[in-house]
Enquirer: 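Handing you a structure now.
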Amino acid sequence: MNSVEQQFIDLINAELNVVIDQTHFKMNLDDLGVNSLVFVQLVVAIESHFDIEFENIQLLNTNFSDANSIIRYIEKRLEEV
């Protein structure tokens with residue numbers, strides 16, 4: 001597990017009270033209890049924690065089917081900074 005993955009797990013577990021680990025990365029976000037309101041909270045927490053911004057076009061929870069897709073997006077944004 002890399003640093004971004006661990007930070008993402010810690011962030012979700014602390015901020016959103018959704019307990020996940022690496023085994024949950026491919027599970028659908030809905031199955032993890034991440035509805036549209038929780039998704040917005042998650043985006044805000046990620047932006048603050050990682051000091052990145054989600055592109056407006058990406059702010060649909062349908063663009064992120066699972067935790068793995070969010071982690072890959074965070075990694076991509078961090079590479080751009």
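In what follows, every heavy atom counts, from backbone to side chain, and hydrogens, waters and symmetry copies are set aside. The first residue of the sequence shown is numbered 1, and numbering continues consecutively from there.
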Enquirer: Are Ile12 and Leu78 connected in the hydrophobic side-chain network, where two residues link if heavy atoms are under 4.5 Å apart?
Expert: yes
Enquirer: Hey, could you give me the OG/CG distance between Ser36 and Leu29, rounded to the nearest 0.5 Å?
Expert: 12.0 Å
Enquirer: From Ile74 CD1 over to Phe64 CZ, what is the distance, rounded to the nearest 0.5 angstrom?
Expert: 8.5 Å
Enquirer: Search all heavy atoms of Asn63 against all heavy atoms of Ile57 and return the closest pair with its distance.
Expert: ND2-O, 3.0 Å
Enquirer: Any salt bridge (charged side-chain N to carboxylate O under 4.0 Å, His left out) pairs touching residues 64-75, not counting sequence neighbours?
Expert: Glu5-Arg72, Arg72-Glu75
Enquirer: Is there a continuous path of hydrophobic side-chain contacts, each under 4.5 Å between heavy atoms, that joins Ile46 to Val40?
Expert: no
Enquirer: State, yes or no, whether a side-chain contact exists between Leu42 and Phe8 at a heavy-atom distance under 4.5 Å.
Expert: yes
Enquirer: At what distance, to the nearest 0.5 angstrom, does CG of Leu32 lie from CD1 of Ile20?
Expert: 6.0 Å
Enquirer: Return the CD to CG distance between Gln22 and Asn68, rounded to the nearest 0.5 Å.
Expert: 9.0 Å
Enquirer: Counting only heavy atoms not in Asp51, do more than 12 sit closer than 6.0 Å to its CG atom?
Expert: no
Enquirer: Of all residues at least two apart in sequence or in a different chain, which pass the ring-ring contact (aromatic ring centres under 6.0 Å, His included) check with Phe50?
Expert: none
Enquirer: Working to the nearest 0.5 angstrom, can you tell me the gap between Glu53 CD and Ser48 OG?
Expert: 11.5 Å
Enquirer: Check the pair Glu80 / Arg77 against salt bridge (Lys or Arg N to Asp or Glu O under 4.0 Å), numbers first and verdict last.
Expert: CA-CA 5 Å; Glu80 295 172 355; Arg77 296 297 292 168; 2.8 Å; yes
Enquirer: Is there side-chain contact between Val44 and Gln41, with heavy atoms separated by less than 4.5 Å?
Expert: no
Enquirer: Say you draw a straight line from CG of Asp31 to NZ of Lys26; how long is it, rounded to the nearest 0.5 Å?
Expert: 15.5 Å
